[in-house]
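Each remark here refers to the structure printed beneath this line.
In what follows, every heavy atom counts, from backbone to side chain, and hydrogens, waters and symmetry copies are set aside.
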Protein chains: 2
Amino acid sequence: MFTRSEEDHLKAIHSLSVTGTKASTSAISERLDTKASSVTDMLKRLAEKGLVAHEPYHGAKLTTSGRKAALVLIRRHRLWETFLVDKLGFRWDEVHEVAEQLEHVSSEKLIDRLDAHLGHPRFDPHGDPIPDKKGRMVARKLMALDTCVVGDRVRLSSVRNSTDVLLHHLTRKGIALGSAITVTAVHDFDGSMELKLGDGRSLSVSREVADQLMVQ
Amino acid sequence: MFTRSEEDHLKAIHSLSVTGTKASTSAISERLDTKASSVTDMLKRLAEKGLVAHEPYHGAKLTTSGRKAALVLIRRHRLWETFLVDKLGFRWDEVHEVAEQLEHVSSEKLIDRLDAHLGHPRFDPHGDPIPDKKGRMVARKLMALDTCVVGDRVRLSSVRNSTDVLLHHLTRKGIALGSAITVTAVHDFDGSMELKLGDGRSLSVSREVADQLMVQ
DNA sequence: TGCCATTTTTAGATTAGTCTAATTTTGTTT
DNA sequence: AAACAAAATTAGACTAATCTAAAAATGGCA
Ligand SMILES: [Mn+2]
Ligand SMILES: [Mn+2]
Ligand SMILES: [Mn+2]
Ligand SMILES: [Mn+2]
């Protein structure tokens with residue numbers, strides 16, 4: 001249906017538009033690790049195909065059919081990640097790059113069978129909801145950990161950016177999805193936080209990390 | 001490592017070189033459904049990378065490193081086909097096109113884990129042997145059904161070309177891998193054959209079909 | 001209000017992969 | 001041996017996807 005590059009652009013625009021805002025050319029190019037001029041080219045092509053509305057100099061947002069296509073990609077990506085962890089024993093910090101390739105294999109039957117094989121999972125290994133066949137997924141009200149204050153008791157629900165390096169960092173610190181977290185201190189001068197986990201262990205995380213952790 | 005097109009060319013050359021002969025430009029182009037001139041271009045590129053020996057006007061054959069790369073592809077393709085049938089419940093005549101895509105996902109860890117998950121299978125759903133991590137696979141002496149004569153009792157071991165349309169045809173006729181076959185008649189004028197299966201059913205197949213069935 | 005830094009787009013180039021049409025080579029057939 | 005048909009290569013064109021460098025637009029601030 002679409003090329004790999006088209007699909008990756010649709011996905012990038014989708015994840016930059018969560019709050020309904022338009023995705024800027026530079027934000028897309030940063031996410032895909034390409035140059036802004038390449039993104040401009042692609043936005044024109046996607047606009048011609050009716051997948052995005054591109055207002056030159058003011059970014060792009062998905063049309064209804066573009067959003068539909070993006071949700072198919074997100075569904076594929078998260079189902080493959082779940083497969084890799086649940087069936088093949090990958091760690092959650094090893095799956096992103098492989099899923100980034102697998103998501104472009106185009107076969108509706110494949111994805112539906114995979115979904116059933118996995119027991120119709122609702123969340124991927126990073127806590128992100130998996131869209132169903134019709135593109136519906138559960139919405140959850142999450143906040144970033146760095147907006148919490150001392151005394152807050154929360155639970156880690158997902159990770160904003162599932163880059164392998166961040167996930168590996170969390171694994172080394174002993175933080176996993178579902179971890180119960182109590183904020184014991186917030187240091188003003190660098191934004192780092194002291195946390196106590198449900199199992200009693202204490203640790204500290206930098207502002208950069210706290211910013212990535214979405215809690216409930 | 002290689003592009004999708006490079007990988008598909010290596011695989012095509014490999015399967016056209018079983019008897020040690022060189023693969024002709026036109027045979028490759030027919031298999032990949034492209035034009036001969038496109039194949040010539042690709043042969044030059046593969047020759048420059050040291051993957052094939054291309055003697056202009058006389059075809060190409062794989063070098064040692066080209067053969068190694070081709071075997072990796074064949075391993076991936078057949079493992080994915082096995083996964084689709086064994087784990088996702090696909091029929092043997094539905095898997096080829098999807099595996100044709102999945103084989104290009106490049107992750108050694110993925111394939112090794114998949115291999116283990118499937119229990120290190122030695123044959124794919126079409127009866128073709130699966131190379132192991134080092135590229136070794138069992139060799140079997142097979143003959144095409146159309147070389148058999150009346151009275152021969154054989155067993156279907158694999159199918160020469162696993163195109164979905166041929167496999168679907170066989171399924172409709174009730175022939176499957178492992179079927180015991182007795183040749184009851186060979187018609188000279190069109191090469192078609194009358195067969196009796198192990199379960200007692202009788203049927204006839206055309207020369208075109210008999211030519212594709214590899215028996216033991 | 002006008003300057004200017006930042007962002008975005010445009011212009012022009014490159015590589016991979018494909019095609020059609022023309023040319024060359026090979027091997028067979030008169 | 002010359003002619004011919006088939007196969008292969010070359011020449012030239014096109015699309016997709018990228019880049020660098022130059023030009024244009026935007027939006028904040030002196
Ligand atoms: Mn991707
Ligand atoms: Mn994920
Ligand atoms: Mn393929
Ligand atoms: Mn097969």
Separation of [X] atom [atom1] from [N] atom [atom2], in whole Å?
X: B/Asp33; N: C/dC19; atom1: CG; atom2: P; value: 8 Å
X: A/Leu16; N: C/dT7; atom1: CG; atom2: P; value: 15 Å
X: B/Lys49; N: C/dA16; atom1: NZ; atom2: C1'; value: 10 Å
X: A/Ile28; N: C/dT9; atom1: CD1; atom2: C1'; value: 14 Å
X: B/Met42; N: C/dC19; atom1: CE; atom2: C1'; value: 14 Å
X: B/His104; N: C/dA16; atom1: NE2; atom2: C1'; value: 15 Å
X: B/Leu43; N: D/dT10; atom1: CG; atom2: P; value: 11 Å
X: B/Lys35; N: D/dA13; atom1: NZ; atom2: C1'; value: 16 Å

Determine the contact category for [X]: base if any of its heavy atoms lies under 4.0 Å from a base atom, sugar-phosphate if only primed atoms, P, OP1 or OP2 are that close, otherwise nothing.
X: B/Thr25; result: sugar-phosphate
X: A/Ser5; result: sugar-phosphate
X: A/Ser26; result: sugar-phosphate

Report yes if a side-chain nitrogen or oxygen of [X] is closer than 4.0 Å to either non-bridging phosphate oxygen (OP1 or OP2) of [N]; otherwise report no.
X: B/His54; N: D/dA8; answer: no
X: A/Lys44; N: C/dT10; answer: yes
X: A/Thr3; N: D/dA16; answer: no
X: B/His58; N: C/dG27; answer: yes
X: A/Ser38; N: D/dT18; answer: no

(request) Please tell me if the side chains of A/Lys87 and B/His117 come closer than 4.5 Å, counting only heavy atoms from C-beta onward. (result)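 Yes, at least one pair of side-chain atoms sits under 4.5 Å.
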
(message) Do A/Leu170 and A/Gln212 make a side-chain contact, defined as non-hydrogen atoms from C-beta onward lying under 4.5 Å apart?
(response)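 In short, these two side chains do not touch, never coming nearer than 4.5 Å.
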
(message) Can you work out whether A/Asp41 or A/Tyr57 has the more 5'-proximal nearest nucleotide on DNA chain D?
(response)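 Result: A/Asp41.
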
(request) Between B/Ser37 and A/Thr34, just flag the one whose closest nucleotide in DNA chain D comes earlier from the 5' side. (result)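 Here B/Ser37 is the residue nearer the 5' end.
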
(message) Using ring centroids (six-membered ring only for Trp), state whether B/His126 and B/His96 fall under 6.0 Å.
(response)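 Centroid distance B/His96-B/His126: not below 6.0 Å, so no.
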
(request) Select one nucleotide: of D/dT9, C/dT18, C/dT9, the one nearest the side-chain heavy atoms of B/His9. (result)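 So the nucleotide nearest the side chain must be C/dT18.
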
(request) Just do the salt bridge (Lys or Arg N to Asp or Glu O under 4.0 Å) check on B/Asp190 and B/Arg207 with the steps written out, would you? (result) CA-CA 7 Å; B/Asp190 68 350; B/Arg207 168 187 278 293; over 6 Å; no

(request) Examine distances only and state if a side-chain atom of B/Thr3 and a backbone atom of B/Glu6 form a donor-acceptor pair shorter than 3.5 Å. (result)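 Present.
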
